[in-house]
There are 2 protein chains.
Amino acid sequence: MTPQPRPVGRPGASLRLVETSLDEPPLSRQERKERTRQALLNAALAQLEDRSFGAMSLREVSKAAGITPTAFYRHFDSMEELGLVLVDDSFASLRELMRAGRSEVAEPGDDIRTSAAILVRHVQEHRLHYRFIARERSGGIASLRAGIAREIHSFSSELVGDLRRYPVLGELDTPSLDMIASLFVTVMVATAERLLDAPEAEGEIRARTEDQMRIIVLGATQWHRV
Amino acid sequence: MTPQPRPVGRPGASLRLVETSLDEPPLSRQERKERTRQALLNAALAQLEDRSFGAMSLREVSKAAGITPTAFYRHFDSMEELGLVLVDDSFASLRELMRAGRSEVAEPGDDIRTSAAILVRHVQEHRLHYRFIARERSGGIASLRAGIAREIHSFSSELVGDLRRYPVLGELDTPSLDMIASLFVTVMVATAERLLDAPEAEGEIRARTEDQMRIIVLGATQWHRV
DNA sequence: GTGTTCGGTGAACGGCTGTGCACAAACGTA
DNA sequence: TACGTTTGTGCACAGCCGTTCACCGAACAC
């Protein structure tokens, strides 16, 4: 069976992907490249809505980004490399969350409420990134899993520093603080996952997260290592 | 390009897949069917070691099970149906864990230690099932995610019943118990995931899980709803 | 002993996959 | 203005994908 030649336009016909409005200045080559690079990342992120990263195809992502599969290689060596960039981007967004959490001056005793609120809001505002992390945290591709695990671990370490500044908790020894921080992170991850599955239940989820964090703090203040 | 005919054996040549030893009685048709069905399930479970379910192919699973892709349909309508059976099987194994937990008569005050031990042992002994659940809990295929969520929820409900039988916790109201049970489940899931990633760190992981459960119990005994 | 049921087979299909290649047009620079 | 670099193009290839089909032989029911 010979593949019949399809009627096509001449090769290299239209290079201009994005219509620039008439009065805007034409984009530089760098800017155009960055633009399609972002288009690829966004396309991949969008596809992750209903399939896992490992089940995604280079061709589909390229098509969704508006370029041919061959042009994909002008930006990434492979889908895996794109995935690693996605991990970085996602956690950049998470670090932003932490900064917000630290700067937001909480009423004393109200820290938990504001922490939960910040977390919930941030997840809702970065659904695609969080979905990606949630999917690939236990997903099929080893390098992504490793990258995500590393980032979460570093997040947990920063949290230890934060906890140390609190009146009662600050007196605990480092292993205990590690253990408690990891418990907090576990709750936060679970909250994010629940929120992704049921965004409309935001209220309940936030309330439950607050209570669970309070339980932990309550337990932690009673904690003394043997 | 015409596909060239490959040299092959006659159709329907060898129907006997499994070599039966000489003195064993020949297997009945039902037994043979059940056997290849299990081979398919095991093959799928094994493939999940390094790819997600959505990235798995019917052909590969069939080949790994020792049958042709066509024969797959004698057992399942689709890969998705196979996946749902896998969910059921995995949670059957989990319910077994709960039964073990209840029957194991714990020294009073030692419940947490034995609970953690049972969990850790069970995960180690059913790695493939737990890996599957961990992967697909946030994975790409909606029906699997839904099935897993349902089972975990029911697990959490049973745990509420257990908690109610404890001296101090039993006095808490139902919403509080729900919240605390879900916190326990969250910790258990996180423990299982950590264990899958680093089976050799079993000791540390178990110790940390015990401590985190103690924190929760400590906090829960101080808990009183507004 | 005879006919039926059923778990298997291999060939074939149309479609999608990643990747290599040669080429073109726009951009940037001398 | 001329020239090289860069970012895109289309075509081609070989390989895997799910699924349909007709067929086969062992196991079963009578």
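As the structure is a prediction and not an experimental result, all values here were calculated from the model. In what follows, every chain begins at residue 1, and chains take the letters A, B, ... in the order their sequences are listed. Keep in mind that the numbers below use all heavy atoms, side chains included, and drop hydrogens, waters and symmetry copies.
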### Query
What's the shortest heavy-atom distance between B:Ile112 and B:Glu210, and which atoms?
CG2-O, 3.7 Å
### Query
Of the residues in residues 42-54 of chain B, which ones touch DNA chain C at a heavy-atom distance under 4.0 Å?
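Nucleic-acid contacts, sorted: none.
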### Task
Evaluate the criterion side chain to side chain donor-acceptor pair (under 3.5 Å) for residue pair B:Ser57 and B:Gln47; output intermediate values, then yes/no.
CA-CA 10 Å; B:Ser57 85; B:Gln47 303 247 321; over 6 Å; no
### Message
Is it true that, when you exclude B:Glu200 itself, more than 12 heavy atoms of the residues, nucleotides or ligands shown sit nearer than 6.0 Å to its CD?
### Response
yes
#### Entry: Touch class at under 4.0 angstrom, heavy-atom based, for B:Thr70 against every strand present
base
### Message
For a quick check of understanding: with a heavy-atom distance under 4.0 Å over all strands, which category does A:Thr68 fall into, base, sugar-phosphate or nothing?
### Response
base
### Task
Using modelled atom types only, decide if a donor and an acceptor are shared between the side chain of A:Glu31 and the backbone of A:Ser28 within a distance under 3.5 Å.
yes
Taking atom [atom2] of [N] as reference, at what distance in whole Å does atom [atom1] of [X] sit?
| X | N | atom1 | atom2 | value |
| --- | --- | --- | --- | --- |
| A:Arg32 | C:dA25 | CZ | C1' | 11 Å |
| A:Gln30 | D:dT6 | CD | P | 11 Å |
| A:Lys33 | C:dG28 | NZ | P | 13 Å |
| B:Glu81 | D:dG18 | CD | C1' | 16 Å |
| B:Arg35 | C:dG8 | CZ | C1' | 16 Å |
| A:Glu31 | D:dT7 | CD | C1' | 15 Å |
| A:Arg59 | D:dG10 | CZ | P | 12 Å |
| B:Phe72 | D:dC17 | CZ | P | 13 Å |

### Task
Please work out which of the three classes, parallel, tilted or perpendicular, describes the rings of B:Phe76 and B:Phe72, given edges at 30° and 60°.
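Tilted, since the angle between the ring planes falls between 30° and 60°.
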#### Entry: Salt-bridge criterion met for B:Arg137 and B:Glu193 (N-O under 4.0 Å)
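Yes, B:Arg137 and B:Glu193 are salt-bridged.
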Among [options], which nucleotide has an atom closest to any side-chain atom of [X]?
| X | options | answer |
| --- | --- | --- |
| B:Tyr73 | C:dG8, D:dT20, D:dA12 | D:dT20 |
| A:Pro69 | C:dG18, C:dG7, C:dT19 | C:dT19 |
| B:Arg29 | D:dT5, D:dT19, D:dC28 | D:dC28 |

#### Entry: Nearest-nucleotide 5' precedence on DNA chain D, B:Ser57 against A:His75
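Going by which nucleotide is closer to the 5' end, it is A:His75.
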### Query
Below 6.0 angstrom between ring centroids: does that apply to A:Tyr130 and A:His122?
yes
### Message
Tell me if the side-chain of A:Arg74 makes a donor-acceptor pair with the base of D:dG8, cut-off 3.5 Å, by modelled atom types.
### Response
yes
